[in-house]
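FYI, side chains are in, hydrogens and waters are out, and symmetry mates aren't considered; it's all heavy atoms of this structure. First the proteins, then the strands, lettered A, B, ... as listed; each starts at 1.
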Amino acid sequence: MGVISRRRGFAAVAVVAAAALVAAAGCGKSDDSSSGGKITLSVTVFGDFGYGKAGLYDKYMQEHPNIKIKELGNGQGLTDENTKLDQTLAAGAGAGDIVALEEGTVTKYKGLAQDFVDLNQYGGAALKDNFLPWKFQEGSTADGKLLGLGTDAGSMAICYRTDMFKAANLPTDRTAVGNLWPTWDAYLAQGQKFAASPAGKTAKWVDAATNLYNNILMQVAGANTGYTYYDKSNKLVLDSNPDIKAAYDLTTKAIGEGLSAGEISFSDEWTAGFKNSKFATIACPAWMLTNIKQSAGDGLSGKWDVAKAPGDGGNWGGSFLAVTKQSKHPAEAADLVKFLTSPDSQLAVFQKANNLPSSPKVYDNPDFQALKDPYFNNAPVGQIFGAGALSLKPVYLGPKNNDVRTAVEATLQAVEQGQKTPAQAWQLALSTGAAAAK
Amino acid sequence: MSLHLDATPAHGPTGAARQAPPPRPQRSVRHRLTWLDIKGSPYLYVAPFFIIFAAFMLYPLIYTAYVSTRNWTLGAPDSTPAGLANFRELWHDSQFWTAVGNTFGIFVISTVPQLLLALFLANLLNRAIRGRVFFRIGMVVPIVTSTAVIGLVFSQLFSKDFGFINYLLQGIGVHHIDWKSTKWSSWIAVATMVNWRWTGYNALIYLAAMQTIPKDIYESAALDGARPSTQFWRITLPMLRPTIIFTVIMSTIGGLQLFGEPALFGSGSHYLQGGSLHQFQTVTMYLLQEMFERSRLGYAGAIAWVLFLMILVTSLLNFLVIRRINSDK
């Protein structure tokens with residue numbers, strides 16, 4: 001006290017400075033990323049997570065009048081999203097509040113766990129039962145941090161064109177179609193029948209070798225080793241995992257039989273291929289349904305249908321929502337993540353945008369069971385995709401999974417383009433895959 | 001210095017300066033300020049450029065050199081020294097050499113026809129032809145079109161299934177080319193995009209240069225009976241030499257940094273791949289792939305520096321060659 005009274009001038013300055021600091025800090029808290037006293041939270045996605053379509057943002061903003069949500073990146077590719085995320089994380093700014101992480105790259109971001117908020121600090125651990133056990137596990141790091149909460153799962157089915165099946169004298173009823181292919185070999189055999197039919201003159205059996213390959217691999221790996229390019233100790237096992245070779249050989253067999261339209265998946269030509277009816281079937285995780293609707297357009301509504309996939313279940317894809325350390329409002333962001341990944345929200349997304357919930361609590365819900373999709377000839381998508389989801393065997397994906405996958409996929413495209421024989425391509429895949437893992 | 005010497009005699013006749021009392025301080029200050037103004041202000045005027053150059057060109061260049069000697073993963077807080085390991089790895093990296101081959105290949109098959117065509121077009125437009133203004137404006141249109149749009153349009157033209165080019169080729173009996181699948185077909189597709197965009201630009205530069213050539217030279221040549229083609233080879237071309245050197249060097253720099261066209265041509269989720277076997281992956285695409293997809297900053301830095309040196313050497317070689325060809329005339 002004495003000091004203050006003796007040095008009133010200094011004290012005044014100190015008080016002013018402290019007030020300024022408080023004001024500045026206050027600004028940081030409430031003004032920095034807000035307009036009119038509101039907190040703005042950004043949600044960066046790729047593809048379509050369906051939150052806008054399902055009205056979840058509006059609902060949340062109504063319930064939380066102080067929050068404004070801004071979604072970024074809707075429609076962009078996964079690689080683009082990851083690239084921007086890598087850049088903004090490295091730069092230390094611009095990553096936003098909430099980001100979507102895909103299962104193929106989430107392991108990589110576990111290695112950058114220091115850039116993300118541990119959702120356990122915001123009550124994430126209590127939500128464990130809301131998710132499939134493996135899904136919750138995938139979002140957690142080895143030392144128990146909760147990096148992200150699960151959004152959707154991929155599951156697996158085959159989408160097919162009923163009109164083309166009819167023209168090829170194949171059954172069109174989805175149960176009968178599912179029975180056509182108990183195995184992938186049977187699926188390829190049906191493809192040869194299709195190729196020999198009149199419908200096979202203008203269209204191919206599958207869209208792209210890469211999509212076929214990824215689905216087969218995820219299923220085979222789920223049933224056998226439980227991992228793909230990396231084993232669970234993050235060692236590259238590209239050359240020794242029999243599941244990879246099995247999926248690769250099946251795929252090159254399909255190419256050799258002329259069953260693939262040879263599209264580069266997610267390219268403009270691939271998109272045009274849907275509209276121009278260039279292929280009769282496509283391996284279909286639940287998220288593919290949205291891709292089909294958007295690419296094929298309303299003109300082909302009702303001509304697509306969904307049947308069970310060959311083999312025994314499987315999963316490709318699915319994502320997480322994480323909060324970056326850069327967020328100025330981690331508590332609010334974590335709360336929004338909890339809301340968006342809640343069972344109710346996941347069901348709403350499935351109803352409007354087809355992304356399959358990763359919450360087992362949804363699968364028994366009568367609304368989920370009853371859901372039919374008019375675009376897919378009223379296929380009971382809830383039953384089809386939900387059936388396998390509970391018994392799904394998870395597949396572990398290593399740190400540079402997507403880079404290795406890209407390199408291996410490229411060699412399959414080289415076979416499709418007639419530039420390499422399957423044997424040459426496999427050797428190339430081993431070397432380029434190893435280079436991509438560096 | 002010259003001003004200082006000039007100013008001295010102003011004090012008086014020869015010898016007066018030496019005997020004159022030392023200049024009054026205020027005069028000296030003004031004197032020095034004037035001197036500083038004359039000597040210093042030019043540097044001040046050009047300073048903004050050099051400051052920006054230093055901040056956005058020189059510093060990144062040096063920093064990239066530093067990064068290229070590190071093992072650094074994008075996003076990782078720390079890096080470890082790598083010495084020249086990145087460069088050694090690059091030397092044995094077949095994907096890098098494929099990219100170098102692609103870059104030079106596309107550069108040659110785009111730049112050479114492009115500049116020749118530009119010269120030809122400029123020569124045509126330099127004459128009194130009907131609708132000259134229309135054609136001159138027409139040449140500029142591709143320049144103001146964004147690369148993204150060009151990439152989209154041409155990707156569709158060169159589409160394997162429904163492409164217009166394949167449709168035309170079918171008419172003359174050539175069957176269905178999958179443009180992205182082989183090296184040559186993809187190079188041609190990419191070079192076509194590049195040419196479409198830049199031919200007009202170069203033609204415009206040539207045209208501007210042609211119009212600075214005095215008309216009376218042509219008139220006297222015509223009086224001497226020189227035909228238009230002779231006039232072109234003997235007058236126009238030699239007088240265009242500095243301009244040709246400029247366009248060749250600019251095309252070299254642009255061509256070796258080619259990115260937008262091939263990246264857009266290879267649409268899809270992994271467009272930086274540049275085709276299944278990297279048929280049309282250029283060095284800059286590979287650089288970005290290493291940097292952002294594979295997160296190897298140090299290695300990407302090494303690629304960037306090697307690319308920089310390649311551009312430097314190629315520009316120099318081109319400069320020497322072009323200068324020589326022209327001085328033979």
Side-chain angles (χ1 to χ4, degrees), chain A residues 46 76-80 82-92 108-109 111-112 114-115 208-210 261-273 275-276 278 399-400 402-407 409-420 425 428 431-432 435-438, chain B residues 71-79 85-86 89 92-96 98 151-156 158-163 176-183 185-186 264-279 281 286 288-299:
Chain A
F46 59 91
Q76 74 177 336
L78 170 64
T79 311
D80 286 339
N82 280 330
T83 302
K84 278 174 214 156
L85 182 58
D86 289 346
Q87 290 170 6
T88 48
L89 288 182
K108 169 175 148 188
Y109 293 108
L112 298 171
Q114 74 275 5
D115 290 330
T210 52
E263 306 293 355
I264 313 287
S265 40
F266 305 101
S267 72
D268 301 334
E269 284 183 284
W270 180 75
T271 306
K275 211 164 227 146
N276 294 310
K278 290 299 283 186
K400 288 210 165 186
N402 275 22
D403 298 307
V404 180
R405 193 186 102 191
T406 306
E409 283 181 355
T411 64
L412 284 170
Q413 287 164 354
V415 178
E416 275 181 318
Q417 294 171 343
Q419 302 299 306
K420 296 276 174 201
L428 188 66
S431 63
T432 56
K438 265 184 195 154
Chain B
N71 273 324
W72 195 355
T73 305
L74 182 66
D78 303 310
S79 63
N86 285 327
E89 187 186 338
H92 298 292
D93 182 349
S94 63
Q95 193 183 341
F96 173 69
T98 306
L152 273 177
V153 170
F154 275 80
S155 294
Q156 300 205 346
F158 282 104
S159 158
K160 74 181 166 73
D161 294 327
F162 313 101
H176 187 90
I177 297 174
D178 185 353
W179 291 95
K180 281 172 193 152
S181 69
T182 71
K183 193 158 243 183
S185 59
S186 57
L264 286 158
F265 181 59
S267 104
S269 48
H270 302 290
Y271 57 88
L272 289 177
Q273 278 266 123
S276 60
L277 299 170
H278 312 297
Q279 292 95 327
Q281 185 180 48
Y286 184 45
L288 255 76
Q289 192 183 22
E290 284 295 341
M291 185 159 160
F292 290 130
E293 280 188 11
R294 298 178 180 167
S295 306
R296 300 182 65 199
L297 284 187
Y299 198 56

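- Separating the CD atom in A:Glu416 from the OG atom in B:Ser181 is a distance of 11.0 Å, to the nearest 0.5 Å.
- For chain A, no part of B:Ser94 is nearby; none of its heavy atoms comes within less than 4.5 Å.
- For A:Leu412, no part lies near chain B; criterion is any non-hydrogen pair under 4.5 Å.
- Interatomic distance, A:Asp268 CG to B:Ser159 OG, rounded to the nearest 0.5 Å: 9.5 Å.
- B:Ser276 pairs with exactly one of A:Gln413, A:Lys420, A:Gln417, A:Gln419 by the side-chain hydrogen bond (donor to acceptor under 3.5 Å, both in side chains) rule, that one being A:Gln417.
- From A:Lys108, atom NZ reaches atom OG1 of B:Thr73 across 10.0 Å, with rounding to the nearest 0.5 Å.
- Between chain B and the options A:Ala90, A:Ala410, A:Ala91, heavy-atom pairs under 4.5 Å are most frequent for A:Ala410.
- Expressed to the nearest 0.5 Å, how far CD1 of A:Ile264 lies from NZ of B:Lys160 amounts to 8.0 Å.
- With respect to chain B, the highest number of heavy-atom pairs below 4.5 Å among A:Leu89, A:Thr411, A:Asp86, A:Val415 belongs to A:Asp86.
- With rounding to the nearest 0.5 Å, the separation of OG1 in A:Thr406 from CD in B:Gln289 is 8.0 Å.
- Contact of B:Tyr299 with chain A is not made at all, since no heavy-atom distance falls under 4.5 Å.
- Atoms CG and CZ, from A:Asp403 and B:Arg296 in turn, are 11.0 Å apart once rounded to the nearest 0.5 Å.
- Residue A:Ala437 does not touch chain B at all, counting heavy-atom pairs closer than 4.5 Å.
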Stepwise side chain to side chain contact (heavy atoms under 4.5 Å, CB included) test for A:Lys438 and B:Glu89: CA-CA 11 Å; A:Lys438 265 184 195 154; B:Glu89 187 186 338; 3.4 Å; yes
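- For the side chain to side chain contact (heavy atoms under 4.5 Å, CB included) with B:Phe292, the lone residue among A:Asn82, A:Thr83, A:Asp80 that qualifies is A:Thr83.
- When heavy atoms are compared at a cutoff of 4.5 Å, A:Gln114 approaches chain B solely by way of its side chain, counted from C-beta outward.
- At a 4.5 Å heavy-atom cutoff, the contact between B:Leu152 and chain A is made by side-chain atoms alone.
- In this structure, the portion of B:Gln279 lying under 4.5 Å from any heavy atom of chain A is its side chain and not its backbone.
- Using a 4.5 Å heavy-atom threshold, the side chains of B:Glu293 and A:Thr79 count as touching.
- Contacts of A:Leu78 with chain B are absent, with no heavy-atom separation under 4.5 Å from either backbone or side chain.
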